[in-house]
Number of protein chains: 2
Amino acid sequence: MDVQRLLIFREIARTGSIASAARSLGWTQPAVSQHLRHLERQAGTPLVLRRPRGVQLTEAGRALLRHADAIATRVEAATADLDALVQLRAGTVRLAAFPSAGATLVPAAMSLLARRHPGLDVRLREAEPPQALGLLAAGDVDVAVTFAHAGEEPPGTGELARVPIGGDPLRLVLPSSHPSAHPSDTPLDLRALAHEKWVGGCERCTAHLRQACEAAGFAPDIRHGTDDYVLTQALIARGLAVGLLPQLALDAARDPGVAVRPATGIRPRALYVLHHREADQIPAVRSALRALQDTAAGRVPF
Amino acid sequence: MDVQRLLIFREIARTGSIASAARSLGWTQPAVSQHLRHLERQAGTPLVLRRPRGVQLTEAGRALLRHADAIATRVEAATADLDALVQLRAGTVRLAAFPSAGATLVPAAMSLLARRHPGLDVRLREAEPPQALGLLAAGDVDVAVTFAHAGEEPPGTGELARVPIGGDPLRLVLPSSHPSAHPSDTPLDLRALAHEKWVGGCERCTAHLRQACEAAGFAPDIRHGTDDYVLTQALIARGLAVGLLPQLALDAARDPGVAVRPATGIRPRALYVLHHREADQIPAVRSALRALQDTAAGRVPF
DNA sequence: CCGACCCCCAAGCAATACTTATGGCATGGA
DNA sequence: TCCATGCCATAAGTATTGCTTGGGGGTCGG
């Protein structure tokens with residue numbers, strides 16, 4: 001059963017004649033007549049009786065018309081649904097972000113997005129970059145905010161598209177009572193802390209710290225490990241260690257007992273947004289990407 | 001929104017990939033791929049993400065799929081409804097018949113029809129031929145059983161198709177005590193009743209009687225008029241008149257006080273079934289026509 | 001009786017839809 | 001590592017489909 005013809009038949013029934021249906025559809029009368037003929041052949045029975053002033057539906061025609069009406073209604077509903085998604089009056093974006101971004105940049109972007117498109121349902125899930133890749137691959141999130149330290153392989157391959165949205169500088173974090181704690185806005189060389197005890201961040205962050213220290217000529221004495229930046233600062237504030245924390249983490253939460261200084265020779269970690277290669281054609285995803293880029297542009301340097 | 005493509009999309013969603021949908025549809029992969037592309041262009045957003053092992057529906061795709069499922073269900077229901085009508089497991093035929101046929105031939109045909117197609121809803125409405133034409137024209141009945149006396153213009157013109165189903169001989173009806181009442185199976189000449197009082201039937205029947213008598217060389221003394229064949233016979237049985245009644249009317253009801261003889265030189269009235277010219281393509285109508293013809297073949301001579 | 005308005009049919013042309021042929025990409029096993 | 005497999009896309013050619021044009025027949029109302 002050809003559904004397109006069903007809708008043409010509906011127009012015939014609505015207007016009462018083949019000729020008027022043709023006018024209403026912008027076609028010639030034989031075009032509509034042929035469609036009706038095909039439909040009747042498929043149906044195996046006449047759908048209308050040809051009368052001098054138009055057509056009159058047969059029983060089969062009346063039965064078919066009921067279904068055609070229902071189908072037309074559904075088609076209109078489908079069109080309306082799609083329209084709402086395209087114009088962002090409806091829809092969902094599911095974000096994944098690593099903790100320090102999820103506490104700073106991402107909420108700001110989500111708020112921007114909510115202002116731009118109040119109908120959009122934006123959802124956030126916290127995940128470290130490796131897990132975020134899995135979520136993306138499994139289709140559990142649409143967009144993932146990740147990072148890579150300098151020298152690291154940037155995340156995302158093949159399937160996934162990677163959009164750089166800026167850099168996040170790493171800061172040396174010391175107890176505020178530490179002799180090297182000041183002046184806070186001038187860079188400090190890693191070597192000045194070669195003999196300190198260190199606290200490492202997540203696995204990759206700890207590896208990056210170790211690598212940076214080796215490049216500076218020493219092996220750090222890493223005593224503690226946590227990817228919780230509040231915990232890290234608590235350890236530091238109590239004089240138990242020093243650390244290297246990204247600016248975003250410090251923006252998210254700042255222990256009053258720590259001092260922060262730029263580090264010389266340590267390149268910022270790079271921030272990326274990942275999504276499926278074609279997903280940026282999806283309006284909701286595209287708008288989320290824009291919001292993240294716009295937010296990052298005002299927050300983190302490149 | 002192209003509904004046919006919607007159903008193709010549904011197949012993609014069902015099978016999980018474009019290639020498998022193509023196999024399932026008996027097409028090549030690019031054919032389906034192009035349909036999907038067109039659908040996405042119309043939709044204004046991707047409906048699936050192309051993944052290495054197939055496709056994954058986007059939010060818009062999932063929304064569209066729900067509607068596509070509903071539409072497919074409706075299409076199946078429509079097909080099933082049509083099938084039932086074509087195979088006469090369902091459907092309606094509305095008959096009109098003049099009284100004496102409606103009491104004899106038509107009920108027999110209806111009963112035959114009911115045996116052949118138990119699902120069919122057969123309805124009868126009594127109507128004299130002129131009114132039956134109106135009912136047909138108004139679409140209030142599908143089939144009309146009518147008659148025309150010899151020499152009369154047969155009913156039905158243009159719009160309507162006429163199917164002769166036999167002849168209905170006219171009988172002279174006398175009081176059983178009448179001297180000409182016997183022998184009952186030999187024809188009697190009209191002229192033998194030239195000086196009787198007559199009872200006429202319906203308007204056209206009375207006109208026909210007058211004409212037949214004139215052809216026989218006399219003007220009948222028509223005292224009474226009714227199209228009710230029971231009433232007619234009651235008048236005759238009591239000796240108040242003689243009459244000319246069709247065999248069908250006598251089959252329908254027979255007053256024991258009347259005698260019946262064939263009439264010489266009076267041709268039977270012709271029985272016709274009328275329907276809209278194209279309506280015999282409608283299964284229910286066709287089956288009703290067949291049943292009427294089959295019944296008439298065993299009941300009335302041609 | 002004519003004009004208006006239905007409808008159908010046949011033939012021609014243009015748009016659509018499907019096929020064939022080819023290439024890229026990701027995954028999994030030798 | 002490389003090859004085989006299975007997925008998808010693109011491009012070009014062809015075959016079908018679908019619409020138009022130009023006929024003709026019928027019914028109805030002025």
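Numbers restart at 1 for each chain; the letters A, B, ... are given by sequence-line order, proteins then strands.
Close to dG24(C), at under 4.0 Å from its OP1 or OP2, lies no side-chain N or O of Arg50(B). Between Ser33(A) and dC7(C) there is no side-chain polar atom (N or O) within less than 4.0 angstrom of OP1 or OP2. Contact annotation: Arg53(A) side-chain N/O to dA4(C) OP1/OP2 distance is not under 4.0 Å. Phosphate proximity of dT19(C) to Thr28(B): present, with a side-chain N or O under 4.0 Å from OP1 or OP2. Contact check, His35(A) against dC19(D): a side-chain N or O comes under 4.0 Å of OP1 or OP2. When the side-chain nitrogen and oxygen atoms of Arg37(A) are compared with OP1 and OP2 of dC9(C), one or more of them lie within a distance under 4.0 Å.
The separation between Gln29(A) atom CD and dA10(C) atom P is 15 Å, rounded to whole Å. dG26(D) atom C1' lies 14 Å from atom NE2 of His276(B), rounded to whole Å. A straight line from CG of Leu7(B) to P of dA17(C) spans 14 Å, rounded to a whole angstrom. If you take CG of Asp2(B) and C1' of dG18(D), they are 14 Å apart, rounded to a whole angstrom. A straight line from CZ of Arg51(A) to P of dC8(C) spans 14 Å, rounded to a whole angstrom. One atom, CG of Leu36(B), and another, P of dA17(C), lie 14 Å apart when rounded to the nearest Å. Put simply, CD1 on Ile18(B) is 15 Å from C1' on dC18(C), counting in whole angstrom units. With rounding to whole Å, Glu278(B) atom CD is found 16 Å from dC6(C) atom P.
Contact annotation for Ser17(B): backbone-only contact, meaning every heavy-atom pair under 4.0 Å involves sugar-phosphate atoms and none involves a base. When heavy atoms are screened at a 4.0 angstrom cut-off, Arg23(B) is found touching the sugar-phosphate backbone but no base atom. Nucleic acid contact for Ala31(B): base, since at least one base atom lies under 4.0 Å from a heavy atom of the residue.
Comparing dC7(C), dT10(D), dG22(D) against the side chain of Pro30(A) picks out dG22(D) as the nearest.
Asp81(B) and His67(A) form a side-chain donor-acceptor contact under 3.5 Å, judged by distance and modelled atom types alone.
Projected onto DNA chain C by closest heavy-atom contact, Gln34(B) and Glu40(A) fall at different nucleotides, the more 5' of which corresponds to Glu40(A).
Glu11(B) and Arg14(B) are joined by a salt bridge, as a carboxylate oxygen and a charged side-chain nitrogen come within less than 4.0 angstrom of each other. We find that Asp69(A) and Arg10(A) are joined by a salt bridge, their nearest charged nitrogen and carboxylate oxygen being less than 4.0 Å apart.
Under the 30°/60° scheme for interplanar angles, the aromatic rings of Phe147(B) and Phe98(B) are found to stand perpendicular.
For Glu159(A) against dC25(C), a side-chain-to-base donor-acceptor contact under 3.5 Å is absent.
Between Thr58(B) and Leu49(B), some side-chain heavy-atom pair lies under the 4.5 Å cut-off.
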